[in-house]
> 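Dropping the structure in here first, questions after.
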Amino acid sequence: MGIIKSSFSFIAGTVCGIYIAQNYDVPNIKKLASTGLFMAKLMEEKYRKPKSKDGD
């Protein structure tokens with residue numbers, strides 16, 4: 001009984017996730033994350049301080 005009780009929330013979450021993914025338009029998280037990282041990289045390059053031209 002212990003293993004069923006301890007893994008019930010994991011199994012219920014998996015079943016609900018599968019149902020939602022099949023029946024609703026869920027965004028692609030991997031594509032969304034890569035787009036966010038790309039935008040962050042562009043912002044960093046745009047607002048980065050210019051490199052010093054000193055001949056140290």
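Values below: all heavy atoms of this structure, side chains included; hydrogens, waters and symmetry mates excluded.
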> May I ask you to test the Tyr19-Val15 pair for a side-chain heavy-atom distance under 4.5 Å?
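They are not in side-chain contact.
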
> Once rounded to the nearest 0.5 Å, what's the spacing between atom CD1 of Ile29 and atom OG of Ser34?
11.0 Å

> Can you tell me how far the OG1 atom of Thr35 sits from the CG atom of Asn28, to the nearest 0.5 Å?
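So the OG1 of Thr35 and the CG of Asn28 are separated by 9.0 Å.
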
> Quick check for you: to the nearest 0.5 Å, what is the distance between Leu32 atom CG and Leu37 atom CG?
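Answer rounded to 0.5 Å: 10.0 Å.
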
